[in-house]
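Written below as structure tokens is the structure these notes are about.
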Amino acid sequence: MELRQLTDDYDREIFAKCLSKARETRGVAFRDTSRSRLSQAHLAFGHIYALFEDEEDATEQMVGGFIMHDLATLPQTCVKPDLSHLPPDSVIEGSELWSLSMGTGRVAGLAAAAIAGLFQAKAILVDPIVRPMDLTARYAHFQFVNASEPVLHPYLETLDGDQVWVQPMLLEGPNLERYVRMGFDFLFKGPDGRRALRIQKPASKPQLDAPIPVLRSSGHEHNGTVGV
């Protein structure tokens with residue numbers, strides 16, 4: 001598989017369409033409320049990553065992805081927990097993790113762990129749905145802990161217009177270090193135990209503001225499980 005950072009408007013538009021499809025067809029069927037502009041803000045200012053089955057796949061063939069932002073760039077989605085004791089640029093909020101194919105959510109979650117490591121995150125905040133369906137177990141597997149009581153998500157609703165409740169969960173300290181290490185192992189550790197990253201020789205001198213190069217997984221299986 002290939003992990004790409006999406007930087008131009010067209011790629012972000014395709015990501016948004018695939019995200020909406022995943023929300024409406026996989027797991028809990030939900031959507032943004034009619035007045036919400038949260039997803040647009042994340043798409044405009046977050047770090048967006050998409051997964052593809054093959055490196056030659058066109059943008060329209062993405063099968064999963066996620067968005068991350070630090071709390072110095074955008075505020076946290078829900079009012080809880082209170083993270084004011086942490087530097088805002090050290091807290092990463094993970095959002096819009098989705099997949100359209102079996103197993104891709106697991107890969108996206110592990111790739112997100114490595115990206116959080118590159119950002120040198122001191123804490124990761126997520127808001128998995130807890131009602132009408134409990135999706136917290138996949139995060140508890142990686143030692144995310146409940147950071148407050150469940151809260152009403154102010155920007156989401158079910159397709160029937162019902163409320164969506166989420167459970168804010170936090171990962172920090174040694175558990176975060178283990179999670180990041182798992183992500184790096186997944187991306188860079190081959191079946192023979194060696195850690196390697198495929199690097200293409202640039203055709204010309206790289207630009208200082210060039211986007212982050214794509215990361216390709218080694219294709220081996222991993223015992224961790226993360227989904228959407």
Side-chain angles (χ1 to χ4, degrees), residues 12 15-49 64-100 105-106 108-109 112-113 116 121-173 175-176 179 225-228:
R12 289 171 182 250
F15 182 99
K17 292 179 179 178
C18 293
L19 168 63
S20 294
K21 181 179 179 181
R23 283 179 166 186
E24 294 175 1
T25 60
R26 295 180 62 82
V28 179
F30 65 98
R31 63 191 174 198
D32 290 336
T33 59
S34 60
R35 299 186 63 179
S36 172
R37 297 296 179 265
L38 179 68
S39 292
Q40 289 94 321
H42 288 172
L43 286 164
F45 302 108
H47 299 280
I48 304 177
Y49 299 88
F66 56 91
I67 303 178
M68 307 178 83
H69 69 269
D70 64 60
L71 299 190
T73 301
L74 291 170
Q76 66 189 64
T77 299
C78 297
V79 295
K80 295 183 179 181
D82 179 5
L83 299 177
S84 59
H85 61 288
L86 296 172
D89 59 357
S90 73
V91 182
I92 296 293
E93 181 173 272
S95 60
E96 283 86 19
L97 190 152
W98 60 274
S99 73
L100 291 173
R106 170 182 62 88
K122 299 301 182 184
I124 302 177
L125 175 66
V126 294
D127 295 311
I129 293 174
V130 69
R131 292 197 297 270
M133 180 181 292
D134 189 345
L135 301 180
T136 61
R138 66 198 65 180
Y139 295 99
H141 175 79
F142 292 112
Q143 308 303 312
F144 280 79
V145 298
N146 293 350
S148 74
E149 68 276 11
V151 296
L152 176 66
H153 198 294
Y155 306 109
L156 297 178
E157 64 183 11
T158 68
L159 296 187
D160 296 327
D162 293 332
Q163 295 177 339
V164 172
W165 287 74
V166 296
Q167 174 60 68
M169 303 183 76
L170 195 67
L171 186 68
E172 53 187 338
N175 290 331
L176 173 58
Y179 180 57
T225 57
V226 174
V228 294

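Side-chain atoms are counted along with the backbone in the values below, which use heavy atoms only and exclude waters and symmetry mates. For this chain, numbers begin at 1 and follow the sequence in order.
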Compare all side-chain heavy atoms of [X] with those of [Y] and state whether any distance is below 4.5 angstrom.
{"X": "V166", "Y": "V130", "value": "no"}
{"X": "E172", "Y": "L86", "value": "yes"}
{"X": "P132", "Y": "D162", "value": "no"}
{"X": "L171", "Y": "Y139", "value": "no"}

Heavy atoms only: give me the nearest [X]-[Y] pair and the separation to one decimal.
{"X": "G105", "Y": "S99", "answer": "N-CB, 3.4 Å"}
{"X": "V151", "Y": "P168", "answer": "CG2-CG, 3.9 Å"}
{"X": "A121", "Y": "I92", "answer": "CB-CG1, 3.5 Å"}
{"X": "L152", "Y": "Q163", "answer": "CD1-CB, 3.5 Å"}
{"X": "P128", "Y": "M169", "answer": "CG-SD, 3.6 Å"}

Who pairs with [X] by side chain to side chain contact (heavy atoms under 4.5 Å, CB included), at least two apart in sequence or on another chain?
{"X": "P154", "value": "C78"}
{"X": "K17", "value": "E13"}
{"X": "A29", "value": "L159"}

Pairs satisfying salt bridge (charged side-chain N to carboxylate O under 4.0 Å, His left out), at least one member in residues 148-159, at least two apart: R31-E157, K80-E149

Of all pairs that satisfy salt bridge (charged side-chain N to carboxylate O under 4.0 Å, His left out), the ones with a partner from residues 122-135, not counting sequence neighbours: none

Considering residues at least two apart in sequence or located in another chain, which fulfil the ring pair (Phe, Tyr, Trp, His ring centres under 6.0 Å) criterion with [X]?
{"X": "H153", "result": "none"}
{"X": "F66", "result": "Y49"}
{"X": "F15", "result": "W98"}

Side-chain donor or acceptor of E93 paired with backbone N/O of T77 under 3.5 Å: yes

Which value, rounded to the nearest 0.5 Å, describes the distance between [X] atom [atom1] and [Y] atom [atom2]?
{"X": "M68", "Y": "I48", "atom1": "CE", "atom2": "CD1", "result": "13.0 Å"}
{"X": "I67", "Y": "H47", "atom1": "CD1", "atom2": "NE2", "result": "11.0 Å"}
{"X": "Q40", "Y": "L38", "atom1": "CD", "atom2": "CG", "result": "8.5 Å"}
{"X": "I124", "Y": "D70", "atom1": "CD1", "atom2": "CG", "result": "12.5 Å"}
{"X": "L170", "Y": "S148", "atom1": "CG", "atom2": "OG", "result": "10.0 Å"}
{"X": "S34", "Y": "Y155", "atom1": "OG", "atom2": "OH", "result": "13.5 Å"}

What residues, two or more places apart in sequence or in another chain, satisfy side-chain hydrogen bond (donor to acceptor under 3.5 Å, both in side chains) together with [X]?
{"X": "D160", "result": "none"}
{"X": "Q76", "result": "none"}
{"X": "T25", "result": "none"}

Set of residues satisfying salt bridge (Lys or Arg N to Asp or Glu O under 4.0 Å) with respect to D32, sequence neighbours excluded: R23

